[in-house]
Each structure stands twice: as structure tokens, then as C-alpha cells.
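Working notes, structure below.
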Amino acid sequence: IPGTSTAPASTKSPTAPTTLTTSVVVPPTTTTTTPTTTSPGGSGTCPAVSTGLVSVSTLPDPFTFTTGGKVTSKAQWECRKAEISQLFQKYEIGALPPKPSSVSATFSGSTLSITVSDAGKSISFSVTINKPSSGTGPFPAIINYGTVASIPVPAGVATILFNNDDIAAQVDSSSRGKGKFYNLYGSGASAGALTAWAWGVGRIIDALELTQAQTNVNPAKVGVTGCSRNGKGAFVAGALEPRIALTLPQESGSGGAGCWRLEAYQISQGQNVQDAKEIVGENVWFSSAFNSYVNNVNQLPFDHHMLAALVSPRPIYIMENPDYEWLGKISTYGCMGAARKQYQALGALDNFGYSQVGGHSHCSFPSAQSSELNAFINKFLVGNANAGTTNIFRTDQSLNFNIDTWAPWSVPTLS
Ligand code: MCU
């Protein structure tokens, strides 16, 4: 087995899983395979997508298409991203619906009310926008999963509080199919909560585009954050919603910044980390289709380093906490180390930050990360090019873990 760890196992868990029942196993939905698709990058066509399973014990090669060809250009990377997105939606997170037929919004006080209609049904939800007390705008903004911001948002940036549980419930495994997303698309929709919330983020940005004159928020400068389960959500929102300008997952752990294969490895080393088998029984973050793969994650044609591929080349700053082994300190470090190679290929290392800092409780932001977080927000949302270093990859642990052994593919230079 590649990689070694000297990290001791911890028995701490951020919050004890409430239920450990197994959800019903539903066969994966069939994805239509077309011979070629138009390049999302706009130049030429993309190779055919093969949606079959694999048997790969290391982290899969993001630079090779499912049909075997190599990614050699930025335009092909956009094709590969479209393929990776399809694979994630098929096997793990469920289908993101296409843009709904209508979205309308009104802004009053600090409440942005959003109504979404599709196929004869409609739902409404609202978010709270807290704007800077000074400055003229239009303001950049950070969408925060949950009603209390979990990171310190700098003074010149608006905060948009998003009650994501209203869109898709996440109480426990009985939350499947519950929430406004499912009122619109049906309780049998394949999307798990992470995808449903990302859809909600898309609708918030639609609404911001419609109401820019009223809100004075710039829809082109919107970041997303959340901690823990909501950190997984923020990561998936950045991956599925290309209008997100900055992705800030905090302590997302397994199912976010962690890779399934590395968690399986940590389990094999006797470490108390959350893995795919556990996570699908605990809650409904993923599609029920994922249940079929959790006992052998080596089958998956991707891992979570490729969730960051979907964000690339857009900026991302990943905050992790090594004091809770449950969050996968080896897993997120190795997974995001592999993820960083994708930004390297794109010549975009300044857009990638991973910072693993302990000495604080779960979801309580440590001051040791303040300058890094501020550099990301100031550079990519506020627009201050000299905001400080954003090419960050660090841990305050002695992990003795070899990322290259787990990511044994070569890194091209894409232009
Ligand atoms: C890190 O996110 C989750 C974790 O996946 C769960 O197993 C645990 O129960 O709760 C964490 C969390 O959301 O804490 C607030």
C-alpha cells in the first residue's frame, strides 16, 4: 500500500453520528453516452464519455479521459471537467437539474426572496443579505451555508446567509427526498443534499443577477463557504456552479476535501476516520446511487481531488483541522495535494490554497489562518491584486505521507 503515516489514531469525532442505519440501495441511473459533445471551452469537440467503473487503488489520473486519450490543452481540460462532472453526478452526488424555466426575485430590507418554477411546480425561499456598513458597492459577497457565518468575513464584503437545510434536509438518513428542492423535482430525484444545495446556490446567483440594482451586490464576485457538513456543501457548490468566484470549504473532511481511497487506507491503518461506508448511513448528503460503491471505492473513476478539478482554475482555499482524526488529516492532505497538481497543470497555483491548522475546536476559525483567508478574499472577491500570498499548501503536522505515490501520474503543462 503506498504512503505511510506516523499520525496516531484519534477517537474524537466532531459530532457523533446520530444514526447509522443503511439507506435503501437504488441502482445507479443510466447516463446517456453520446459519441462526442461540444467542448464547454468552445473550441472543437470533446471525446466520447465512457461511464464505466474502474479498478484503481491509487487516486485516478485526472489528465486521462475515460476513453484513454490524454488531456493536452486547456480546451481539453474543459472537456475532461464536463466528463468528471457527469461521473460525479452518476455515481456519487446525483443529477444537477438543468436551469429551471423561471426564476424571479424581490429584495426588501435585507431579505432576497426567490421563486423558482419548473414543469408546472414552484417553490420559494429567501436569503438574508448583510451588507457592509460603509462603501458604495457594488459589493462582493460570500454565501454562507447556515444562518451564522463560520469564517470572519472582512468589512468590505457582504454576507449572504443561506438556510441550506430548507432546500434539502440533513437531519439523518430519514431526510432523503425532503426539502424544497424535492418539492420541485420530486422526492425520488437522484440528487443528494450536496447537489440540491449547489442548485440552490445557482438560484441565489440567478436572483442576484436579476436584482443587482436593488441589492448592490456584484453577482460576478460571489464566494461560498460553510463548515463541516456545510463545508462539503460549499465544496460541491464551487464544483457544480461555475459562477462561484471563490470556494471556501472549512473543515469539510471526508466527503469534501478528503478522498475515499485515502480514508479506506486510513481505516486499514486502524485510524478512526469517516469513510464512504459510514457516511452513507449517517446522512443523505450523497445520492442513494453512491451506496452501491461504498464497499469498494477503487471502482470509482474519480476521487475527490477531481472535485477540485471542477472548481479549477477558479480560486479555492481549503481549511482543515487535524485535531479531529474523523475529518481525515491524511486524507484531506493527500487528496488536496493531488488536487493541487491540477492547478499546477493550468499554471494557476496562485488560485489554490490548502491549510491544515490545529489547536481549535471544530468550526471555530483559528487566527493562524486569518492572513491566508484575507488574502484569498481580498485578491479574488475585492479585487486587490497585491493582497498577499495565495499559493498555499501547508499542514502543522508531521504527516510523513507521500502524495506522489498516491498520485502516480505525470502532470502536463496545459496551454
Ligand atoms: C465533517 O462533517 C461532519 C461529519 O461528516 C459527520 O460525520 C459528523 O457527524 O458531523 C460533521 C459535522 O457536520 O459537524 C458539524
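Numbering of ligands and ligand atoms starts at 1, following listing order.
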Which residue from G253, S228, C227 reaches closest to atom 1 (C) of ligand 1 through any of its heavy atoms? S228
So is R229 polar-close to ligand 1, meaning N/O to N/O under 3.5 Å? yes
Can you sort out which atoms of ligand 1 are near E282, meaning under 4.0 Å from one of its heavy atoms? 6 (C), 7 (O), 8 (C), 9 (O)
Element-labelled atoms of ligand 1 that are located less than 4.0 Å from some non-hydrogen atom of W326: 4 (C), 6 (C), 7 (O), 8 (C)
Examine the side chains of Q170 and N230 and answer whether a donor and an acceptor come within less than 3.5 Å of each other. yes
Who gets closest to atom 4 (C) of ligand 1 by heavy atom: Q170, Q274, E251? Q274
Will you find, in the side chains of S355 and E372, an N or O donor that is under 3.5 Å from an N or O acceptor? yes
Within a distance under 4.0 Å of any heavy atom of L327, pick out the atoms of ligand 1 and give their elements. 1 (C)
Below a 4.0 angstrom heavy-atom separation, can you tell me which part of H362, side chain or backbone, both or neither, approaches ligand 1? side chain
Going by the order shown, which atoms of ligand 1 are within less than 4.0 Å of some heavy atom of K232? 1 (C), 2 (O), 3 (C), 4 (C), 5 (O)
Can you check whether Y293 and W260 have ring centres sitting under 6.0 Å from each other? no
Is it the case that E320 and S252 place a side-chain donor and acceptor less than 3.5 Å from each other? yes
Between D206 and R243 (salt bridge meaning N to carboxylate O under 4.0 Å), is one present in this structure? yes
Would you please test N183 and K121 for side-chain contact (heavy atoms from CB on, under 4.5 Å) and show each step? CA-CA 8 Å; N183 297 346; K121 290 187 187 166; over 6 Å; no
